[in-house]
Amino acid sequence: MAEAADLLKTPLFDLHVELGAKMVPFAGYDMPVQFPLGVMKEHLFTRESAGLFDVSHMGQAWLVGPDHATTAAALETLVPSNMKELKPGKQRYTVLLNDNGCIIDDLMVSRPLASEDDGRLMLVVNAACKDNDYKIIAAALPENVKLEIVEDRALIAIQGPKAAEVMALHAPEAAEMGFMEARPLEFDGISVIASRSGYTGEDGYEISIPAGAAEAVAKALLADERVESIGLGARDSLRLEAGLCLYGHDIDENTTPVEGNITFCMQKRRKEAGDFPGGERVLKQLAEGTENLRVGLLLEGRAPAREGAEIRVPGTEEIIGHVTSGGYGPTLGAPVAMGYVPSNLAEIGTELELVVRGRALPAKVAEMPFVAQRYYRKPK
C-alpha cells in the first residue's frame, strides 16, 4: 500500500478533509471512501435526492485529428463501437480491446457539439488504467491524429433524481440534455464540459471543470440541501445495484465483451465487420456463445457474498465460478452479486450456491440491473 505522502491528490482533496471524509488509497490517489453520513445513508441519499462524487482521479484526454471521420477511424482500430456515426454532442460507452478481443479498459467517448471542434473526441478512462491506456492509444494512432492528455481539469459527478433540477439552477441548459449527451455549459459563469451520464444507474451529470474552479463548483452544489458528498463506498454499492461493471473485477484482460455481457457497446456495423482487435474471436462468440458469462446473483438471507466467493452447483462441492463483485444492496434491502458461470447455467432463475464464510448459501441467477436504472431520455 502506498504511503500517504506518495499518493496523488485531486483538486477537491482539501474540501474532502474539511467535510470530515475518511480518506483511503485508491488507484494511486488519496480518495474519500465515506463522509460522516456513512456509506449506507450516502447510498440511499443518492437514490432519493442527489449525491456529489469526486471522480477527478479518472483520466481525461482528447483525440485530435483533421476531421471527425479521421479521428473516429483511428479510434475504431482499438474499440468495437461505431465512432464514425457518433453525432455531435453525443457520448458513447466503449472498451479498449487487445488482440484476443479482451478488455484492456472501459471508457467514455464524447464528440463535441461545436462545429469548430470537429475532429476532436474527449476520452474518460479509468484511473488505474490510464497510463497504460494512453501508451496503447498513442502507439496506434496515425501521424495526423494526436493524443492530448489533460492534466489540469477535475471531474465530478452529481447523481440522483434531483440532480437535474439542482444543476439547472447553475447551468440552465443542463435541463435540456438527454441521457448520453455532452456539451459545454456555463456553470455560474465557469466554463465546464458536462455529459448527462454517470455510473450509479441514476439520472445525473459528469462535469469536467478547470482544476482551479473545481472547489467553487462543488461548494455551489453542496450548498443545496438536496446534495450530499458521497464516497467510494457508496459509489461501489450504487453501481453494483445498477448491474454496472467495475474494471479489474467484473471485466478485465481475460474477458471479452461477449463474456462480460456488455455487447450493447458494439453497434451493428462493427458486429458485422469484426474489424477491431480480436474481431474474429468476438464474432465467433456472438454467433456460437461463450463458455462462461457474467450474470447477476441474488442470495437468500442477508449475508453478502464478497469478491472471490465460490459459486457452486447446489448440493455439490463443484466450483463453477467466483463472485467478481458482491455486497449488500441498500436500496434492494438484500445482498447482490455478479460473477461468471458456465453459459448453460446462466439462465434467469437457475439455482446455485455461494460460499460465504464457509457456508453454502442458496442463490439464483437474477436479471440485472437489480434496481431499475432511471436515466433521463428525451421524449421521441
Student: For the pair I137 and L63, evaluate side-chain contact (heavy atoms from CB on, under 4.5 Å) and give the outcome as yes or no after the intermediate values.
Tutor: CA-CA 9 Å; I137 293 168; L63 277 186; 3.9 Å; yes

Student: Which of these passes side-chain contact (heavy atoms from CB on, under 4.5 Å) with N82: R92, K271, K268?
Tutor: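 Exactly one candidate clears the test, R92.
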
Student: Quick check: closest heavy atoms across L297 and L354, and the distance to 0.1 Å?
Tutor: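 Smallest interatomic distance, heavy atoms only, reads CD1-CD2, 4.1 Å.
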
Student: When clusters are formed by joining ILVMFWY residues with side-chain heavy atoms under 4.5 Å apart, either directly or through shared neighbours, do M122 and L155 land in the same one?
Tutor: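 The answer is no; the residues belong to distinct hydrophobic clusters.
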
Student: Could you pull out the closest heavy-atom pair between G260 and C245, with the gap in Å?
Tutor: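 Reported closest heavy-atom pair: O-SG, 4.4 Å.
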
Student: Quick one: do the H57 and T10 side chains pair a donor with an acceptor below 3.5 Å?
Tutor: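 Side chains of H57 and T10: no pair found under 3.5 Å.
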
Student: Checking salt bridge (charged side-chain N to carboxylate O under 4.0 Å, His left out) for the pair E228/K41: CA distance, chi angles, key distance, verdict?
Tutor: CA-CA 10 Å; E228 284 280 356; K41 288 181 179 177; over 6 Å; no

Student: I'd like to know if the side chain of D188 pairs up with that of H170 as donor and acceptor (distance under 3.5 Å, no hydrogens or angles considered).
Tutor: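 Present: a donor and an acceptor within the cut-off.
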
Student: Yes or no on salt bridge (charged side-chain N to carboxylate O under 4.0 Å, His left out) for R294 and E259, after CA distance, side-chain angles and deciding distance?
Tutor: CA-CA 6 Å; R294 179 178 66 95; E259 293 163 342; over 6 Å; no

Student: I'd like to know whether CD of E280 has more than 12 heavy-atom contacts from other residues, nucleotides or ligands below 6.0 angstrom.
Tutor: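 At most 12 heavy atoms, drawn from other residues, nucleotides or ligands, come within 6.0 Å of this atom.
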
Student: Can you say whether the rings of H16 and F35 are parallel (under 30°), tilted (30 to 60°) or perpendicular (over 60°)?
Tutor: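 Answer is perpendicular, since the angle exceeds 60°.
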
Student: Just wondering, do K146 and W62 contact through their side chains at under 4.5 Å, heavy atoms?
Tutor: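 In short, these two side chains do not touch, never coming nearer than 4.5 Å.
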
Student: Mark yes or no for whether D250, through its side chain, and L246, through its backbone, hold a donor-acceptor pair below 3.5 Å.
Tutor: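 At least one qualifying donor-acceptor pair exists.
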
Student: Taking side chain to side chain donor-acceptor pair (under 3.5 Å) as the cut-off, I'd like each qualifying pair that reaches into residues 94-105, sequence neighbours left out, listed once.
Tutor: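 Qualifying pairs: S81-T94, D105-N126.
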
Student: Once you round to the nearest 0.5 Å, how far does CZ of F26 lie from CG of L8?
Tutor: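 Output value for this atom pair is 13.5 Å.
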
Student: Please tell me if the side chains of R235 and V55 come closer than 4.5 Å, counting only heavy atoms from C-beta onward.
Tutor: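 In short, these two side chains touch, coming nearer than 4.5 Å.
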
Student: Could you tell me whether the side chain of R120 and the main chain of T71 form a donor-acceptor pair under 3.5 Å?
Tutor: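 Flag not set: sc R120 to bb T71 has no pair under 3.5 Å.
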
Student: Is it the case that the side chains of T46 and E202 hold a donor-acceptor pair, with the cut-off being a distance below 3.5 Å and no angle test?
Tutor: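 Judged by distance alone, the side chains do not pair up.
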
Student: Could you walk me through whether R111 and D117 pass the salt bridge (charged side-chain N to carboxylate O under 4.0 Å, His left out) check?
Tutor: CA-CA 8 Å; R111 182 179 178 187; D117 286 326; over 6 Å; no

Student: Given L238, which partner from the list L44, T200, L244, V371 fulfils the side-chain contact (heavy atoms from CB on, under 4.5 Å) test?
Tutor: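 Result for side-chain contact (heavy atoms from CB on, under 4.5 Å) with L238: T200.
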
Student: I'd like to check S208 versus Q60 (side-chain heavy atoms, cut-off strictly below 4.5 Å). Are they in contact?
Tutor: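 Yes. Closest side-chain heavy atoms under 4.5 Å.
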
Student: Do R153 and P210 have side chains that approach each other closer than 4.5 Å (heavy atoms only, starting at C-beta)?
Tutor: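 Side chain of R153 against side chain of P210, heavy atoms only: contact under 4.5 Å found.
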
Student: Would the distance check show the side chain of S49 and the main-chain N or O of R226 forming a donor-acceptor pair, the cut-off being under 3.5 Å?
Tutor: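 Checked: pair present.
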
Student: Are Y328 and L240 connected in the hydrophobic side-chain network, where two residues link if heavy atoms are under 4.5 Å apart?
Tutor: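 No, no single cluster joins them.
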
Student: For E367, does the CD atom sit with more than 12 other heavy atoms under 6.0 Å from it, leaving out its own atoms?
Tutor: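 Result for CD/E367: open.
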
Student: Tell me if a side-chain donor or acceptor on E42 pairs with a main-chain N or O of G231 at a distance below 3.5 Å.
Tutor: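 Indeed, once roles are kept as given, a pair shorter than 3.5 Å links the two residues.
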
Student: May I ask you to test the V124-Q91 pair for a side-chain heavy-atom distance under 4.5 Å?
Tutor: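 Result no, sub-4.5 Å side-chain heavy-atom pair not found.
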
Student: For L147 versus L141, what's the shortest heavy-atom pair and its separation?
Tutor: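 Closest approach of L147 to L141, heavy atoms only: N-CD1, 3.7 Å.
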
Student: Search all heavy atoms of A309 against all heavy atoms of V355 and return the closest pair with its distance.
Tutor: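 In this case the closest contact between A309 and V355 is CB-O, 3.5 Å.
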
Student: With distance as the sole test, does E307 use its side chain to make a donor-acceptor pair with the main-chain N or O of H249 at under 3.5 Å?
Tutor: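 Answer holds: no.
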
Student: Please identify which of these residues, T350, I320, V341, I319, meets the side-chain contact (heavy atoms from CB on, under 4.5 Å) condition with V313.
Tutor: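 Of T350, I320, V341, I319, side-chain contact (heavy atoms from CB on, under 4.5 Å) with V313 is met by I320 alone.
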
Student: May I ask you to decide if A242's main-chain N or O and Q373's side chain share a donor-acceptor pair within less than 3.5 Å?
Tutor: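 Pair found, side chain donor or acceptor close to backbone of A242.
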
Student: Any side-chain heavy-atom pair from E353 and I311 closer than 4.5 angstrom?
Tutor: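 Counting from C-beta outward, E353 and I311 never come under 4.5 Å.
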
Student: Side chains of S343 and E291: do they bring a donor and an acceptor to under 3.5 Å?
Tutor: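 S343 vs E291: no donor-acceptor pair found between side chains.
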
Student: For E48, does the CD atom have more than 12 heavy-atom neighbours from other residues, nucleotides or ligands under 6.0 Å away?
Tutor: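 Count over threshold, so yes.
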
Student: side-chain hydrogen bond (donor to acceptor under 3.5 Å, both in side chains), that's the test. Do E186 and S191 meet it? Break it down for me.
Tutor: CA-CA 5 Å; E186 289 293 314; S191 296; 2.6 Å; yes

Student: Check whether Y375 and F264 end up in the same hydrophobic cluster, where Ile, Leu, Val, Met, Phe, Trp and Tyr are linked by side-chain heavy atoms less than 4.5 Å apart.
Tutor: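 Yes.
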
Student: Report whether F53 and L222 are members of the same hydrophobic cluster (ILVMFWY, side-chain heavy atoms less than 4.5 Å apart, transitive linking).
Tutor: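 They do not share one cluster, since no chain of ILVMFWY contacts under 4.5 Å joins F53 to L222.
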
Student: Are R312 and E318 close enough that some pair of their side-chain heavy atoms sits under 4.5 Å apart?
Tutor: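 Heavy-atom side-chain distance check fails, nothing below 4.5 Å.
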
Student: Minimum heavy-atom separation for L298 to F370, with atom names?
Tutor: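 It is CD2-CD2, 4.0 Å.
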
Student: Would a distance-only check, ignoring hydrogens and angles, find a side-chain to backbone donor-acceptor pair under 3.5 Å from Y199 to D236?
Tutor: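 Judged by distance alone, no pair lies under 3.5 Å.
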
Student: Just one of K378, R377, K87 clears the salt bridge (charged side-chain N to carboxylate O under 4.0 Å, His left out) bar with E181, so which one?
Tutor: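 So, applying the salt bridge (charged side-chain N to carboxylate O under 4.0 Å, His left out) to E181 and each of K378, R377, K87, only K378 qualifies.
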
Student: Report whether M180 and Y376 are members of the same hydrophobic cluster (ILVMFWY, side-chain heavy atoms less than 4.5 Å apart, transitive linking).
Tutor: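 Shared cluster, no.
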
Student: So that I know where these two stand, are Y29 and F13 an aromatic pair - ring centroids less than 6.0 Å apart?
Tutor: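 When the ring centroids of Y29 and F13 are compared, they turn out to be at least 6.0 Å apart.
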
Student: With a 4.5 Å cut-off on side-chain heavy atoms, are E347 and V365 touching?
Tutor: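 When only atoms from C-beta onward are counted, E347 and V365 do not touch, as no gap falls below 4.5 Å.
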
Student: Would the number of heavy atoms belonging to other residues, nucleotides or ligands and lying under 6.0 Å from CD of E176 be above 12?
Tutor: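 Buried by this count: over 12 neighbours within 6.0 Å.
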
Student: Return the minimal non-hydrogen interatomic distance between T256 and C102, and the atom names on each side.
Tutor: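 Minimum heavy-atom separation between T256 and C102: CG2-SG, 4.0 Å.
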
Student: With side-chain contact (heavy atoms from CB on, under 4.5 Å) as the criterion, how do L12 and E215 come out once you've worked through the C-alpha distance, each side chain's angles and the decisive distance to 0.1 Å?
Tutor: CA-CA 6 Å; L12 293 179; E215 190 168 306; 4.2 Å; yes

Student: Does D275 offer a backbone N or O that forms a donor-acceptor pair with the side chain of R270 under 3.5 Å?
Tutor: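 Here the side-chain-to-backbone pair exists.
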
